[in-house]
Every structure is written in C-alpha cells, then in structure tokens.
Amino acid sequence: MTSPIYVAIDTPELEKAKEIATKVRNHVGGIKLGLEFFSANGRSGVREMAHIGLPIFLDLKLHDIPNTVGKAVQALRPLEPAILTVHAAGGRAMMEDAKAAAPTGTKVVAVTVLTSLDATDLQSIGVDGSPHEQVERLTLLAKESGLDGVVCSGNEVAAARKLWPGGFFVVPGVRPSDGKVGDQKRVVTPRQALDNGASILVIGRPITQAEDPDSAARAIDATL
C-alpha cells in the first residue's frame, strides 16, 4: 500500500531537494513542492524532481481573478502534477476555471484556512466565526465548484469529510507526538489526522530536518 505521507520539501536549493527526496523515496507516497521551491527553480525544477519517480504535489495556492488562475493552471499542464492547490477564498468562478484548465489526472484542491491561522487571525482579516466554521463554509464552496477536495487542518477534517464524503482531504501541519510545532497553530499527529478522515498527510520539517530523513519517514510511516 502506498504511504499517505507527502514530504514537504521547502527549500530553494534544487540539489538539496533532490537529495532529500531520493533519501526518503521508499517511505513516502509523494513530494510536495511549494512556492519557495517553485520561485527558485520553476517548471524545470519540478521536472527534475519528477525524475525521482514520486507523484508531485504542486502547492502554489493560486489566488487571483478567474482568468488569470485558469491561464496559470494551463501553463502548468505539461508538468501533470498529481495535486495542485488554489485558495478557496478566490471564489467559485476561480475554482471552476482552475479545475477546467487542469490535466485530467490532476486533483485540484482548495486551501480553506491556513494552519498558521487561528480565530484571532481570522478576525483581523474580517472573517467572523471560528476556523472550524470557515473551513466548513469553504469546503462546501469547493465541492459546489467541482474541485476534488480541500486542504484543512486535522482538527477540521472530520467535519469537512462529513460534508463531503467523497472528497479528497489534504492535511498539513501534521507533527509526530514528539515533534516541534514550529509556526503551526492547529496541529495533530499523523495517526489522528488519518483517523479524522485525511486522504494524505503533508509532513515537512520532522522529516526534512531530521538527522536521518529516511529513518524519520520510516518511523512516522510505522505509526500509521
């Protein structure tokens, strides 16, 4: 069975990214590449990472007017990422255009509420209610927009799956029970996230900053 772990390789250094991915390739299900990597290495860097043979999760969190996001997704089509992210806050038309422009095999998932935000942060940007309520609202919007799923914290994934039983749920901010929380505010353990309804888990620093990334990935996989 393929591991549900996607390792977040957040580095601008291509060689370092390749080194980490090569080390952990036997104990993870895929590689997540975000803005930091993409800004430094672009599409050619993604292609190089794809040669390692793992599915690529391109986490660019696109958020702009529908036409711009649709064209951006179209420009990414040749890369055929396994998963691609947009921001649910961009609205229904933007999400519809993103999905329409994506390759057939690509899951387009909407970021609901970043795991670095809590209720106070949401209030400061004019969003009333709790992160939980906002995740539920945006999950329904993503479903209605024809996307494949959403990104949400492990604390909210059970409620999101209840609203969307057939959805695909990406849970970041996952930390082993002995791991450091870092800048994440709403975290759960890998086992908890899966029990709550996660489809895949995004795990970065507990693996990538470990002395032996492969052993770290194997140890986490063993708890699942």
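Predicted model only: the values in this text are computed from it and were never measured.
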What ring pair (Phe, Tyr, Trp, His ring centres under 6.0 Å) pairs are there with at least one residue in residues 191-224, not counting sequence neighbours? none
Residue pairs fulfilling salt bridge (Lys or Arg N to Asp or Glu O under 4.0 Å) with at least one residue in residues 94-111, sequence neighbours excluded: Arg92-Glu96, Lys99-Asp148
Tell me, do Leu76 and Val46 make a side-chain contact under 4.5 Å, heavy atoms counted? no
Applying side chain to side chain contact (heavy atoms under 4.5 Å, CB included) to Asp59 and not counting sequence neighbours gives Lys32, Phe57, Lys61, Thr85
In terms of heavy-atom contacts, Thr115 and Pro172 come closest through CG2-CG, 3.9 Å
Partner residues of Gln134 under the side chain to side chain contact (heavy atoms under 4.5 Å, CB included) criterion, sequence neighbours left out: Val113, Leu122, Val127, Arg137, Leu138
Keeping to residues at least two apart or across chains, list the salt bridge (Lys or Arg N to Asp or Glu O under 4.0 Å) pairs with something in residues 213-224. Asp214-Arg218
Answer with yes or no whether the hydrophobic clustering places Met95 together with Leu140; edges join I, L, V, M, F, W, Y residues whose side-chain heavy atoms lie under 4.5 Å apart. no
Atom of Pro66, atom of Met94 and distance for their closest heavy-atom approach: CG-N, 3.7 Å
Taking Arg175 for the side chain and Val188 for the main chain, is one N or O donor matched with an acceptor at less than 3.5 Å? no
Show the numbers, then the answer: is there a side-chain contact (heavy atoms from CB on, under 4.5 Å) between Phe168 and Leu147? CA-CA 9 Å; Phe168 183 81; Leu147 294 200; over 6 Å; no
May I ask you to test the Leu58-Thr106 pair for a side-chain heavy-atom distance under 4.5 Å? no
Report yes or no: do Leu163 and Val151 belong to one cluster of Ile/Leu/Val/Met/Phe/Trp/Tyr joined by side chain heavy-atom distances under 4.5 Å? no
Can you pull the side-chain hydrogen bond (donor to acceptor under 3.5 Å, both in side chains) pairs that have at least one residue in residues 188-204, sequence neighbours excluded? Arg161-Ser199, Thr189-Gln192, Arg191-Asp195
Please assess Thr112 against Glu156 for the test side-chain contact (heavy atoms from CB on, under 4.5 Å), listing each intermediate value before the final yes or no. CA-CA 10 Å; Thr112 54; Glu156 288 103 32; 5.8 Å; no
Check whether any side-chain N or O of Asn41 sits under 3.5 Å from a backbone N or O of Pro12 as a donor-acceptor pair, and report yes or no. yes
Any residue meeting side chain to side chain contact (heavy atoms under 4.5 Å, CB included) with Thr68, in chain and number order, not counting sequence neighbours: Asp64, Ile65
Out of curiosity, Ile31 CD1 to Ile56 CD1, how far, rounded to the nearest 0.5 Å? 4.0 Å
Table please: side-chain donor-acceptor pairs of residues 13-22 below 3.5 Å, with sequence neighbours left out.
residue	atom	partner	partner atom	Å
Lys18	NZ	Glu48	OE1	2.7
Glu19	OE2	Lys23	NZ	3.2
Thr22	OG1	Lys18	O	2.7

Indicate yes or no for a side-chain donor-acceptor contact from Glu133 to the backbone of Ser130 under 3.5 Å, with no hydrogens or angles considered. yes
Pairing residues for Ala82 by the side chain to side chain contact (heavy atoms under 4.5 Å, CB included) criterion, not counting sequence neighbours: Tyr6, Pro55
Is a side-chain N or O of Ser3 found less than 3.5 angstrom from the main chain of Ile5, in a donor-acceptor match? yes
Just verifying a value: how many Å separate Thr223 OG1 and Ile220 CD1, rounded to the nearest 0.5 Å? 7.0 Å
Please report the closest heavy-atom contact between Ala193 and Val157, naming both atoms and the distance. O-CG1, 4.1 Å
With sequence neighbours excluded, what pairs up with Asp212 under the salt bridge (charged side-chain N to carboxylate O under 4.0 Å, His left out) test? none
Please, which pairs that meet ring pair (Phe, Tyr, Trp, His ring centres under 6.0 Å) have at least one residue in residues 91-124, sequence neighbours excluded? none
Any idea which heavy atoms bring Ala72 and Leu62 closest together, and the distance? CB-CD1, 4.3 Å
Determine the minimum heavy-atom distance between Ala142 and Val150, stating which atoms define it. CB-CG1, 3.7 Å
Determine, step by step, whether Val108 and Val73 satisfy the side-chain contact (heavy atoms from CB on, under 4.5 Å) criterion, reporting the C-alpha distance in whole Å, the side-chain angles of both residues, the deciding distance to 0.1 Å, and the verdict. CA-CA 10 Å; Val108 181; Val73 174; 5.7 Å; no
Step-by-step side-chain contact (heavy atoms from CB on, under 4.5 Å) determination, Phe37 to Asp10: CA-CA 6 Å; Phe37 178 90; Asp10 297 317; over 6 Å; no
For His87, what residues pass the ring pair (Phe, Tyr, Trp, His ring centres under 6.0 Å) criterion, not counting sequence neighbours? His63
